[in-house]
Q: 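One structure is given below, represented as structure tokens, and several questions about it will come after.
By convention in this document, chain letters (A, B, ...) are assigned in the order of the sequence lines, proteins followed by strands, and residues within each chain are numbered from 1. In this text the structure is predicted, and so the values were computed from the model without any measurement.
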Amino acid sequence: MKLWSQFFIPTLKESPADAEIASHKLLVRAGLVRKLGGGLYTYLPLGLRVMRKITQICREEIDRGGGIELEMPHLHPAENWVQGPRWSAAREIMFRTDSAGDGKRAPREPEFVLGPTHEEVITPLVKAEITSYRDLPKNFYQIATKFRNEIRPRYGLMRAREFVMMDAYSFDVDDAHAIASYGKMKAAYEAFFRRIGVTAIAVEADTGVMGGSHSHEFMVPAEIGDDDVIYNEASGYAANREKARSALVPAGLTDAAPTGATEEFATPGIVTIAALEAAPHAVPADNQFKTLVFMGDGKPFLVILRGSDELEEAKLGSLGFTLFRAATPEEIEPVMGARPGSLGAVRGTIKNPGALAGVFADAAIRLIGNGVTGANRDGFHLRHVNVTRDLAITKFGDFRRVRAGEPDPTNGQPLQSRRGIEVGHIFKLGTKYSEKYGAAYTDDQKQSHPMVMGCYGIGISRTLQAVIEQSHDADGIVWPWAVAPFQVLICVLDPQLPEAMELARKLAVAAETAGADVLVDDRAERPGVKFKDADLIGLPLRITIGGKGLKEGIVELKARTSKDVLKLPLAEAETRIADAVRVRAG
RNA sequence: CGGGGCGUAGCUUAGCCUGGUAGAGCGCCUGGUUUGGGACCAGGAGGUCGCAGGUUCGAAUCCUGCCGCCCCGACCA
């Protein structure tokens, strides 16, 4: 039992000016966190209690899924990263540290980085410690602070520079066993989110800079989420838009025959799809070929899409470049012979085709058959361009952004789209890290093999905020039982009455014995203030002890989720409260 | 990092355009009246107006630079 007057819950009537979304406002207003700087937050006592509860449930479920807890340093020798496979891709999000020195000369020390994730630490550890198939599988995890120099921290704990994450790393003898480990973690995640009272759905996801073959993200549906989930309820298909597929291009599609010889026509000043759509040319966007130029590891490559489609940039990750970015007009012209707006991939029109690392076409351009594209001559386009006859395509792929309404790839029904917050991610990594660091084992035939890895993350602090985003009303937070900082609030309206406080202590003991954490509001505040604060901090059960009720011989019991107030005769109060707690505690 | 916005008391903010003693509400302190959904009255403390330059007799206000924060984009748990 905690007495409010001896605890620290600084609630606010007004929302801080820098908070935009409900959960961020409530985090601050309910006295859970305070901001230190952009993306940096202090967990106040109430917030810390929630973090601990989420952390503990996470630990229990990961343990149940076979995880072994350890803790690695937050400070990493940069050397570990330089040796790894993604130093160049990941260094931009890392904080580098050194000694503050004596202020007189530049410190000369090994370079350190603050850990954004721990593959670069765990893999060398496992390499050194595990060498036999007899010691596999192993799945190590920790729940610890991570540091990422987010370009734009946002929405309170939602995207912070310093945040708490559960990160796990599995090591298996082969692919089949790695998939089993992956499956166990997926089940553990589902159990975790269920227990903390959060709806999180597993969706297919892009692997990003982590690499690896496949992955799922766990998404909490929310309007303010950063990600779009493409899904269909009937089929159960769900994917991050970055990864989503659709059956837009029918499997049996036959390629259109040419309609005539390609023909150049003048389009002075027309450099956008929309402009070519307008009169006098009137070429529909879905009859145009859009030609984009990217730089992949220093070499230009082309991506061709339908004019009506958007590029889904994440999908270019499948092309195998370590780093890629859009090319600048200065880079484009010498290769293509024209500036953006008049580009095309028709054979023979590209000025310097040898410079290209490839021409990658989205499969949907096959729906065009014969269309219009840039002539690689400023102010000119080509018509009657046939996909198979004319375009210098290296490879077809899926590069377009899927839109709601397109057919589900599994059942053909229309796909839907909604926003979500990514709270967890699981990756099947393969041998990318184990090969790089030499983490290998010897099998029973004395053969050496790289271990097959998986890695898994849950954003604990982000999940905390996602809980609030998903569970609040106009008055404040509505905590799910399992993660509430306290489950029972005893509101003593007349704390100056000794019999009121005595009763509060008695009821607190009853609730605690039944399995609840109890907060007693013993402040010398007016009832209105106490009720407003009670709703704001959102504890699941509220017991009200007032002078009036005591004269009547009752106390009141109210759930945060309900408007109904139960009047409990004093003689029954302890048992009734204990029952109410047991029902919810399960 | 590109685009936009904002920095005034612990919090929310007015004042800035059109330069001339920095104001309110909440919170805090004292006293009193109150006491079942953010009370009222009286008194009080609290501000180098983000920082540094500049223009001016005079700058919160105009100009320049920097810093910080928020929003949109690319990245992520």
Q: What interatomic distance, in whole Å, is found between C1' of B:rU55 and the corresponding atom of B:rG19?
A: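 Roughly 11 Å separates the two C1' atoms.
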
Q: Please measure how far the P atom in B:rG15 lies from the corresponding atom in B:rC6, and state the result in whole Å.
A: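 Result for the P pair: 12 Å, nearest Å.
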
Q: Please say which of A:R403, A:R400, A:R241 ends up in a salt bridge (charged side-chain N to carboxylate O under 4.0 Å, His left out) with A:E312.
A: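 Result: among A:R403, A:R400, A:R241, A:R241 is the only option passing the salt bridge (charged side-chain N to carboxylate O under 4.0 Å, His left out) with A:E312.
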
Q: Determine the interatomic distance between P on B:rG2 and the same-named atom on B:rC49; round to the nearest Å.
A: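 The answer is 30 Å between these two P atoms.
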
Q: Which of these nucleotides, B:rG73, B:rU13, B:rC76, is closest to any side-chain atom of A:E150?
A: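 Nucleotide nearest to A:E150's side chain: B:rC76.
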
Q: Could you tell me how far apart A:H118 (NE2) and B:rC76 (P) are, to the nearest whole angstrom?
A: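 A:H118 atom NE2 is separated from B:rC76 atom P by 19 Å.
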
Q: Round to the nearest Å and state the distance from A:R91 atom CZ to B:rC76 atom P.
A: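 Rounding to the nearest Å, CZ of A:R91 and P of B:rC76 are 17 Å apart.
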
Q: Determine the Euclidean distance between corresponding P atoms of B:rC63 and B:rA59; express it in Å to zero decimal places.
A: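 Taking atom P in both B:rA59 and B:rC63, they lie 16 Å apart.
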
Q: Going by purine N1 to pyrimidine N3 plus the second Watson-Crick contact, or the G-U wobble pair, all under 3.5 Å, which nucleotide sits opposite B:rA42?
A: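 B:rU30 - that is the nucleotide pairing with B:rA42, both distances being under 3.5 Å.
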
Q: Between atom NZ in A:K315 and atom P in B:rC75, what is the gap in whole Å?
A: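 Going from NZ in A:K315 over to P in B:rC75 covers 14 Å.
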
Q: For the pair made of OH in A:Y141 and C1' in B:rA77, what is the distance, rounded to whole Å?
A: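 Roughly 17 Å, once rounded to whole Å.
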
Q: Is there a donor-acceptor pair closer than 3.5 Å between any side-chain N or O of A:H118 and the backbone N or O of A:P73?
A: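 Looks like yes, one N/O pair under 3.5 Å.
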
Q: Going by atom types only, do A:Q56 and A:E60 share a side-chain donor-acceptor pair under 3.5 Å?
A: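 Looking only at side-chain atoms, A:E60 and A:Q56 do form a donor-acceptor pair, the distance falling under 3.5 Å.
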
Q: Reading nucleotides 33-41 of chain B from the 5' end, what letters show protein touch, with B for base, S for backbone sugar-phosphate only, - for no heavy atom under 4.0 Å?
A: -BBBBBB--

Q: So how far is it from A:S23 OG to A:Q465 CD, rounded to the nearest 0.5 Å?
A: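 Reported to 0.5 Å precision, the distance equals 3.5 Å.
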
Q: If you measure from CZ on A:F192 to CZ on A:F218, what distance do you get to the nearest 0.5 Å?
A: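 CZ of A:F218 is found 11.0 Å from CZ of A:F192.
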
Q: Examine distances only and state if a side-chain atom of A:K532 and a backbone atom of A:L536 form a donor-acceptor pair shorter than 3.5 Å.
A: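 Absent.
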
Q: Contact class for A:A534 (heavy atom, under 4.0 Å): base, sugar-phosphate, or nothing?
A: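 The answer is nothing, as A:A534 stays clear of every strand by at least 4.0 Å.
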
Q: Among A:E422, A:E217, A:E204, A:H216, find the one that has a side-chain hydrogen bond (donor to acceptor under 3.5 Å, both in side chains) with A:N240.
A: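 With A:N240 as partner, A:E422, A:E217, A:E204, A:H216 yield a single side-chain hydrogen bond (donor to acceptor under 3.5 Å, both in side chains), made by A:E217.
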
Q: Taking CZ from A:R401 and P from B:rG73, how many angstroms apart are they, rounded to a whole number?
A: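 That distance rounds to 11 Å.
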
Q: Taking the minimum atom-to-atom distance to the side chain of A:K35, which one of B:rC75, B:rU12, B:rC70 wins?
A: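 Looking only at side-chain atoms, A:K35 lies closest to B:rC70.
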
Q: Quick check on RNA chain B: between A:A314 and A:S15, whose nearest nucleotide comes earlier from the 5' end?
A: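 The residue whose closest nucleotide sits nearer the 5' end is A:S15.
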
Q: May I ask which nucleotide in the shown strands pairs with B:rC6, Watson-Crick or G-U wobble, both distances under 3.5 Å?
A: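 B:rC6 is paired with B:rG68.
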
Q: Which base sits across from B:rA60 as a Watson-Crick or G-U pair, both distances under 3.5 Å?
A: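 Matched B:rA60 with nothing under the 3.5 Å cut-off.
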
Q: Across the strands shown, which category fits A:M158 at heavy-atom distances under 4.0 angstrom: base, sugar-phosphate, nothing?
A: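 Result for A:M158 = base.
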
Q: Could you check how far CD of A:E310 sits from P of B:rG73, rounded to whole Å?
A: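 Rounding to the nearest Å, CD of A:E310 and P of B:rG73 are 14 Å apart.
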
Q: Set out, in order, the CA-CA distance, both residues' side-chain angles and the distance that settles ring-ring contact (aromatic ring centres under 6.0 Å, His included) for A:F360 and A:F301, then state yes or no.
A: CA-CA 8 Å; A:F360 304 101; A:F301 66 92; 5.8 Å; yes

Q: Looking only at the side chain of A:R462 (C-beta and beyond, no hydrogens), which of the listed nucleotides B:rC71, B:rC69, B:rA77 gets closest?
A: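 Between B:rC71, B:rC69, B:rA77, the one nearest the side chain of A:R462 would be B:rA77.
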
Q: Just by distance, with hydrogens left out, do A:E162 and A:T145 show a side-chain donor and acceptor under 3.5 Å apart?
A: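 Side chains of A:E162 and A:T145: no pair found under 3.5 Å.
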
Q: Given that A:E14 and A:F163 both sit by RNA chain B, which one's nearest nucleotide is further toward the 5' end?
A: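 Upstream on the strand: A:E14.
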
Q: Using the ring centroid of each side chain, check whether A:F486 and A:F7 are separated by less than 6.0 Å.
A: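 Yes - the distance between ring centres of A:F486 and A:F7 falls below the 6.0 Å cut-off.
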
Q: In whole Å, measure the gap between the P atoms of B:rC16 and B:rG50 for me.
A: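 Each nucleotide's P atom is 15 Å from the other's.
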
Q: Would you find a donor on one side and an acceptor on the other, under 3.5 Å apart, between the side chain of A:E20 and the backbone of A:Y155?
A: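 No; zero donor-acceptor contacts below 3.5 Å.
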
Q: Using purine N1 to pyrimidine N3 plus N6-O4 or O6-N4 for Watson-Crick, or N1-O2 and O6-N3 for G-U wobble, both under 3.5 Å, which nucleotide pairs with B:rA24?
A: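 Partner of B:rA24: B:rU12.
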
Q: Base, sugar-phosphate, or nothing: which does A:R152 touch, judged by heavy atoms less than 4.0 Å apart?
A: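 A:R152: base contact, heavy atoms under 4.0 Å.
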
Q: Compare the minimum distances between each of B:rC75, B:rC71, B:rC70 and the side chain of A:D18, then state the nucleotide with the smallest one.
A: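 Shortest atom-to-atom distance from the side chain points to B:rC70.
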
Q: Base, sugar-phosphate, or nothing for A:Y155, non-hydrogen atoms under 4.0 angstrom?
A: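 Answer is sugar-phosphate: A:Y155 comes under 4.0 Å of backbone atoms only.
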
Q: For atom C1', what is the distance between B:rG3 and B:rA39, given to the nearest Å?
A: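 Straight-line distance between the two C1' atoms is 48 Å.
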
Q: When both hydrogen-bonding distances must be under 3.5 Å and the geometry is Watson-Crick or G-U wobble, what is B:rC1 paired with, if anything?
A: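 Base-paired to B:rG73.
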
Q: Can you check the distance between B:rA14 and B:rC76, where both ends of the measurement are the P atom (answer in whole Å)?
A: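 So the two P atoms sit 38 Å from each other.
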
Q: Distance check, P atoms only: B:rU35 and B:rU48, in whole angstrom units.
A: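 Straight-line distance between the two P atoms is 41 Å.
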
Q: Within this structure, what is the CZ-to-P distance between A:R241 and B:rC76, rounded to whole angstrom?
A: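 Going from CZ in A:R241 over to P in B:rC76 covers 14 Å.
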
Q: Please enumerate all protein N or O atoms sitting under 3.5 Å from an N or O of nucleotides 4-8 of chain B, with distances to 0.1 Å.
A:
none

Q: Quickly work out the A:H216 NE2 to B:rA77 P distance and round it to whole Å.
A: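 Distance check: A:H216 NE2 to B:rA77 P gives 15 Å.
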
Q: Answer yes or no for A:R462 and A:F163: cation-pi contact, defined as NZ/CZ to six-membered ring centre under 6.0 Å and angle to ring axis within 45°.
A: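 So A:R462 doesn't make the cation-pi contact.
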
